[in-house]
Amino acid sequence: MLDPSPILERDFYNRPALQVARELLGMRLVRSEDGRRVGGIILETEAYRGEEDLGCHCKAGRTPRTAVMYGQPGHVYVYFTYGMHWMLNFVVEQSGFPAAVLIRAILPDVGLDLIEARRGTQPRQLWTNGPAKICQALRIDKSFNGVDLCETTGNLWVEAGQPVFDTSVTTGPRVGLNKVPEPWKSIPWRFLAAESGVG
DNA sequence: AGCACGATTAACT
DNA sequence: GTTAATCGTGCTC
């Protein structure tokens, strides 16, 4: 489980955002930090796709911030919000079409001492159960924006994991889009894996 | 140049 | 349930 597994290749990301978001459940997010591996099993994701998706930053079109989402799939989109938090996303779908998957929760399984050093003020269940918490735990910030997930030199990638079956997956509206108009506010583009359904 | 707000979190009452 | 923290981004003037 803690040994390295095959790294997901670009073809995995070069597919519809909803499909990638669903299939990322059970895969392993790994960050290489000073030669040490830190990460865990992906438990929650959200899909954002297209300029017509008013919940997606791409609704504003191509800007300096959103440019990476228009690029090659399999790259990282990191943005800053609420004046203090970083958010980790994976660019998906074909080059030229803006789409991304937000990583909202993982189950830590490697580098636990490093994660505890940053999140130990909270109970273990709260270490990485939010998008900004993951970035804090894995020390992911602006410097990761644009990194290629398909090259280990980027120090961030996704490894094959255990499949999560449909009986362990629930969907629902994306979180935090309170002022976004329908249907985008309620469209069920959030994917959650039951913790009992992994590992 | 100024402004309102945000794909959140933690600490309150 | 409510709210402060805190600043990059995109929009308006």
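Just so we're clear, the structure is a prediction, and the values are computed from it rather than from any experiment.
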Report task. Using a cut-off of strictly less than 4.0 Å between a heavy atom of the residue and any atom of DNA chain B, enumerate the qualifying residues of residues 171-191 of chain A by number. Result -> A:Val175, A:Gly176, A:Leu177, A:Lys179
**Report entry** Heavy-atom closest contact (A:Gly146 atom, A:Val68 atom, distance)
**Finding:** CA-CG2, 4.0 Å
Report task. Have a look at A:Val110 and tell me which of A:Arg37, A:Arg31, A:Glu159 forms a side-chain contact (heavy atoms from CB on, under 4.5 Å) with it. Result -> A:Arg37
Query - Face-on cation placement of A:Arg10 at A:Phe12 ring, 6.0 Å and 45° thresholds - result: no
Query - Aromatic ring pairing A:His57/A:Tyr79, orientation class (parallel under 30°, perpendicular over 60°, tilted between) - result: perpendicular
Query raised in the report: For every nucleotide of nucleotides 3-10 of chain C, 5' to 3': is a protein heavy atom under 4.0 Å from its base (B), only from its sugar-phosphate (S), or from neither (-)?
Result: --BBBSSS
Requested in this report: Would you kindly say whether A:Tyr13 and A:His75 are connected by a side-chain donor-acceptor distance under 3.5 Å?
Outcome: no
Query raised in the report: Quick one: A:Leu102 CG to B:dA7 P, roughly how many Å, whole number?
Result: 10 Å
Query raised in the report: What is the nucleic acid contact for A:Gly130, judged by heavy atoms within less than 4.0 Å: base, sugar-phosphate only, or nothing?
Result: sugar-phosphate
Requested in this report: Give the cluster check for A:Leu192 versus A:Trp127: same hydrophobic cluster or not, with ILVMFWY residues linked at side-chain heavy-atom distances below 4.5 Å.
Outcome: no
Query - Minimum heavy-atom distance A:Phe90-A:Ile103, with the two atoms named - result: CE1-CD1, 3.5 Å
Query raised in the report: Can we say A:Lys59 and A:Glu52 salt-bridge, meaning some charged N sits less than 4.0 Å from an Asp/Glu carboxylate O?
Result: no
Query - Min side-chain heavy-atom separation A:Trp86-A:Thr81 under 4.5 Å - result: no
Report task. Please confirm whether the backbone N or O of A:Ile106 pairs with a side-chain atom of A:Thr128, one donor and one acceptor, at under 3.5 Å? Result -> yes
Query raised in the report: Rounded to the nearest Å, what distance is computed from the CZ atom of residue A:Arg118 to the P atom of nucleotide B:dT9?
Result: 17 Å
Kindly give the atom pairs (protein nitrogen or oxygen, nucleotide nitrogen or oxygen) under 3.5 Å for nucleotides 10-13 of chain B.
from, atom 1, to, atom 2, distance (Å)
B:dA10, OP1, A:Arg119, NH1, 2.6
B:dA10, OP1, A:Arg119, NH2, 3.0
B:dA10, OP2, A:Lys133, NZ, 3.3

Report summary line: In terms of heavy-atom contacts, A:Lys185 and A:Val180 come closest through CB-O, 3.1 Å
Query raised in the report: Short question: side chain of A:Arg174, backbone of A:Ala47 - any donor-acceptor pair under 3.5 Å?
Result: yes
Query raised in the report: What stems, by residue range, does DNA chain B take part in, given at least 3 consecutive Watson-Crick or G-U pairs under 3.5 Å?
Result: B:1-6 with C:7-12, B:8-12 with C:1-5
Report task. Please say which of A:His85, A:Arg118, A:Arg119 ends up in a side chain to side chain donor-acceptor pair (under 3.5 Å) with A:Gln136. Result -> A:Arg119
Requested in this report: Mind running a 4.0 Å heavy-atom check of residues 87-95 of chain A against DNA chain B and sending the residues that fall below it, in number order?
Outcome: A:Met87, A:Asn89
Query raised in the report: Does anything in residues 90-102 of chain A pair up under side-chain hydrogen bond (donor to acceptor under 3.5 Å, both in side chains), and if so which pairs, sequence neighbours excluded?
Result: A:Arg49-A:Glu93
Requested in this report: May I ask you to say whether A:Arg139 pairs ionically with A:Asp34, meaning some side-chain N is under 4.0 Å from a carboxylate O?
Outcome: no
Query raised in the report: Over how many whole Å does the gap from A:Glu44 atom CD to B:dA7 atom P extend?
Result: 15 Å
